[in-house]
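A quick write-up on the structure given underneath.
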Amino acid sequence: RGQNFGYDGDQGPANWSKEYHTCIGKHQSPINIDEHNVTNVSLPPLKLIGIDNPHQSYVTNTGHTVTLKINESKAVMLSGGPLRDTYVFEQLHFHWGENDFEGSEDLINNHSFPMEMHAVFYKEDYNSFKEALNYSDGLAILACLYEVSSQPNPTYESIVKVLPEIEKKDMGKVLQEPLLLESIFVPDIAKMQDYFTYSGSLTTPPCLEVAKWIDFKDHQQLSHDQLAAFRDIRNWEGNKLTHNFRPVQPLEGREVLHNIP
Ligand code: SG4
Ligand code: ZN
């Protein structure tokens, strides 16, 4: 029990609920966002602080994804928009597919993207990420979708370059240069108020329904080779982690909001 879930066969998403009963619920993620079925709203400004200066960053192969953490605590915070409180940056990670036509978790009008980034924040009042997992408003997760570009995205080169050095589970590496998170979190800061938001869950076991999702409408770009570098790392079983996305879950009457800047 514990970390031994996967994305294929017996260990795949269709069987997660056998071991993790909370993976069957009425507020599960990811979802398909149908742009013709969203409620347009005008929320207070979403505020991201601490992303305009570089942070020393640490990249790890967890056996399920690649995560990036910074070494200062409470240096990056999220508030405003659909959130009632302030949330502290915990880590960001990626989901991808085995080819350039799938890999994102949330879909837009049933369209998949080759990769999706999740920046996970926990509610400051709960003092720790672990504690926050016990509350329905415990997490806020920023999501960003990627498209394939012909040119490599220079912003991501420092991350892509260390992937071969963290090929196996639990390998980690400090990035050579401090990283400007602004350029990783949002494609264009001027467009960050244009997003979808809904209530959902973690997209991996135990699939806890504790997250407010905020999906930027704007996309980022990565080249085919940059995407392919992620597919080369190995999972917790030592096999290539060619894909790590959960299929979409039923909306069950939930409302998806579209914030119009
Ligand atoms: C990834 O497996 C992350 O590495 C996990 O983070 C994360 O779990 C999990 O995804 C689910 O998060 O944004 N996709 S998601 O819903 O954040 C948690 C760690 O294992 C609990 C640190
Ligand atoms: Zn995720």
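Residues: numbered from 1 along the sequence shown. Only heavy atoms go into these numbers, but all of them, side chains included; no hydrogens, no water, no symmetry mates. Indexing begins at 1, ligand by ligand and atom by atom, following the structure's order.
Atoms of ligand 1 found under 4.0 Å from any heavy atom of Thr67 (numbered from 1 in listed order, with element): 4 (O). Residue Thr65 approaches ligand 1 through these ligand atoms, each under 4.0 Å from one of its heavy atoms: 1 (C), 2 (O), 3 (C), 4 (O).
The backbone and the side chain of Leu202 each have at least one atom closer than 4.0 Å to an atom of ligand 1 (non-hydrogen atoms only). Contacts between Trp213 and ligand 1 below 4.0 angstrom, taking non-hydrogen atoms only, involve the side chain exclusively.
Residue contacts with ligand 1: His118 is placed with a nitrogen or oxygen under 3.5 Å of a nitrogen or oxygen of the ligand (distance criterion only). Checked against a 3.5 angstrom limit, the closest N/O atoms of His95 and ligand 1 fall inside it. Ligand 1 has a nitrogen or oxygen under 3.5 angstrom from a nitrogen or oxygen of Thr203.
Counting only heavy atoms from C-beta outward, the side chains of Gln28 and Cys207 approach each other to under 4.5 Å.
In His118, the N, O or S atom that comes nearest to the Zn ion (ligand 2) is ND1.
Side-chain rings of Tyr146 and Tyr156 approach one another, their centers coming within less than 6.0 Å.
No side-chain donor-acceptor contact under 3.5 Å links Asp10 and Asn15. A donor-acceptor contact closer than 3.5 angstrom is absent between the side chains of Thr67 and Gln91.
For atom 6 (O) of ligand 1, the nearest non-hydrogen atom from the set Lys130, His93, Gln91 belongs to Gln91.
Using a 4.5 Å cut-off between side-chain heavy atoms of Ile, Leu, Val, Met, Phe, Trp and Tyr, with links allowed through other members, Leu208 and Tyr20 fall into different hydrophobic clusters.
Of the charged side-chain nitrogens involved, none lies within less than 4.0 Å of a carboxylate oxygen, so that Lys26 and Glu209 do not count as a salt-bridged pair.
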* To do: Report the C-alpha distance between Glu90 and Lys69 in whole Å, list the side-chain angles of each, state the deciding distance to 0.1 Å, and finish with yes or no for salt bridge (Lys or Arg N to Asp or Glu O under 4.0 Å).
  => CA-CA 7 Å; Glu90 171 71 13; Lys69 292 189 176 195; 3.7 Å; yes
